[in-house]
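Below: the structure, in structure tokens.
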Amino acid sequence: QDAQKSTLMDMEIADYERLVKELNQKITDKDNRIEDLEQETGIQKQKQETLQEEIKSLQSTMQQDEERNAKIKQLLVKTKKELADSKQAENDHLMLQASLKGELEASQQQIQVAVLTSEKHKVQEQLRTSSEQHQRTMSACQQKIAALQEECRAAQAEQASVTSEFESYKVRVHNVLKQQKNKSTARTESEGAKQER
């Protein structure tokens, strides 16, 4: 059962690691996309500056050549439209960049959640192993205590038996000594009676 749990844990950890790898790849792709958008934004800004310079040049030449005035106005309208399109494209790129940054932050949060979940499972496994080891130690101690208590009861019983035997022995010795004393007294009295006769 422990081996199955360990295998499941290894599979879960492998899934989390694979998820982290996939999310890191997505982050890398989005970082590259952001860099491309930033470069494109720079190009649009340069184009915008160029168009603004062209507008200034056209405005200065309008007063000098009336024949070219119509063409210059047409070019000015076209340039303004391109400038507006450029600004709109820049705004679109900025919005897309903000969206990608939001997705990047969400991906980073997912990675943090995956890492924390993996660490949580590792800590839970360590706690489970430590708890089992503690239970085994407690069981061994309880068995040892029970054995020592049994030895103590046996020793107490043996002590009580020895004490009882010793008390019985003292009683028997006392009786024997008393009998010997009685016999000695009787013998002395008998011998005294004989001498009196």
Side-chain angles (χ1 to χ4, degrees), residues 1-140:
Q1 188 176 2
D2 291 341
Q4 291 179 355
K5 288 182 179 179
S6 178
T7 301
L8 290 174
M9 287 298 302
D10 292 339
M11 292 174 65
E12 289 181 2
I13 291 173
D15 290 339
Y16 286 128
E17 291 175 348
R18 184 169 62 256
L19 176 60
V20 170
K21 184 177 180 180
E22 292 175 358
L23 291 174
N24 284 329
Q25 182 62 42
K26 289 182 180 180
I27 289 172
T28 301
D29 295 339
K30 289 178 181 179
D31 285 337
N32 294 334
R33 177 61 178 161
I34 289 172
E35 290 178 1
D36 294 338
L37 290 173
E38 288 176 349
Q39 292 178 358
E40 189 173 354
T41 300
I43 293 172
Q44 291 295 331
K45 286 183 178 180
Q46 291 179 356
K47 185 176 180 181
Q48 178 181 343
E49 292 173 358
T50 301
L51 292 173
Q52 288 176 345
E53 291 176 0
E54 290 179 3
I55 289 173
K56 291 179 180 180
S57 176
L58 289 172
Q59 287 176 344
S60 64
T61 57
M62 284 175 62
Q63 297 176 357
Q64 299 176 2
D65 193 356
E66 291 292 331
E67 293 179 357
R68 296 171 57 190
N69 189 36
K71 294 181 179 179
I72 292 173
K73 286 182 179 180
Q74 292 176 357
L75 182 58
L76 180 60
V77 170
K78 180 181 177 181
T79 304
K80 286 183 177 180
K81 183 179 182 303
E82 290 178 352
L83 178 60
D85 293 340
S86 176
K87 287 183 177 180
Q88 183 62 42
E90 181 183 359
N91 291 332
D92 293 341
H93 289 148
L94 290 174
M95 291 176 63
L96 180 58
Q97 182 178 353
S99 176
L100 290 174
K101 285 183 178 179
E103 292 178 2
L104 176 62
E105 291 176 356
S107 298
Q108 289 175 342
Q109 290 178 354
Q110 289 178 353
I111 291 175
Q112 291 177 351
V113 170
V115 171
L116 289 175
T117 303
S118 177
E119 291 179 354
K120 176 184 175 182
H121 282 292
K122 289 180 180 178
V123 169
Q124 287 177 341
E125 179 64 17
Q126 291 175 355
L127 288 175
R128 185 187 65 81
T129 302
S130 176
S131 177
E132 290 177 353
Q133 184 177 2
H134 177 69
Q135 290 295 332
R136 288 194 296 269
T137 302
M138 287 291 295
S139 178

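For clarity, every value in this text was computed on a predicted model and none was experimentally measured.
- Here R128 pairs with E125 in a salt bridge; the nearest charged N to carboxylate O distance falls below 4.0 Å.
- Between the side chains of Q48 and S86, no donor N or O sits under 3.5 Å from an acceptor N or O.
- Note: E17 CD to E22 CD = 12.5 Å, rounded to the nearest 0.5 Å.
- Within the 4.5 Å cutoff, no side-chain heavy atoms of K78 are placed close to those of Q74.
- Between K81 and D85 there is a salt bridge, since a side-chain N of the basic residue sits under 4.0 Å from a carboxylate O of the acidic one.
- The side-chain heavy atoms of E54 and L51, taken from C-beta on, include a pair separated by under 4.5 Å.
- Side-chain contact between K122 and I13: present, with at least one pair of heavy atoms (C-beta onward) separated by less than 4.5 Å.
- L37 places a side-chain heavy atom less than 4.5 Å from the side chain of L100.
- Distance check, rounded to the nearest 0.5 Å: CG of N24 to CD of Q108 gives 9.5 Å.
- For the pair D15 and R18, the minimum side-chain heavy-atom distance is below 4.5 Å.
- Heavy atoms only, all atoms of each residue included: V20 and A114 are closest at CG2-CB, 4.0 Å.
- Partner of D31 under the side chain to side chain contact (heavy atoms under 4.5 Å, CB included) criterion, out of D29, T28, I27: I27 alone.
- Taking CD of Q97 as the reference point, atom CG of L104 lies at 11.0 Å (rounded to 0.5 Å).
- Y16 OH to L116 CG: the interatomic distance, rounded to the nearest 0.5 Å, is 11.0 Å.
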For this session: Walk me through it: do N32 and E35 pass the test side chain to side chain contact (heavy atoms under 4.5 Å, CB included)?
Result: CA-CA 5 Å; N32 294 334; E35 290 178 1; 4.2 Å; yes
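- K30 NZ: more than 12 foreign heavy atoms inside a 6.0 Å radius.
- Across Q135, H134, R136, a single residue satisfies side chain to side chain contact (heavy atoms under 4.5 Å, CB included) together with E132, and that is R136.
- Between the NZ atom of K87 and the CG atom of N91 there is a distance of 9.0 Å, given to the nearest 0.5 Å.
- S131 places no side-chain N or O within 3.5 Å of a backbone atom of L127 that could act as its donor or acceptor partner.
- From L19, atom CG reaches atom OG of S118 across 10.5 Å, with rounding to the nearest 0.5 Å.
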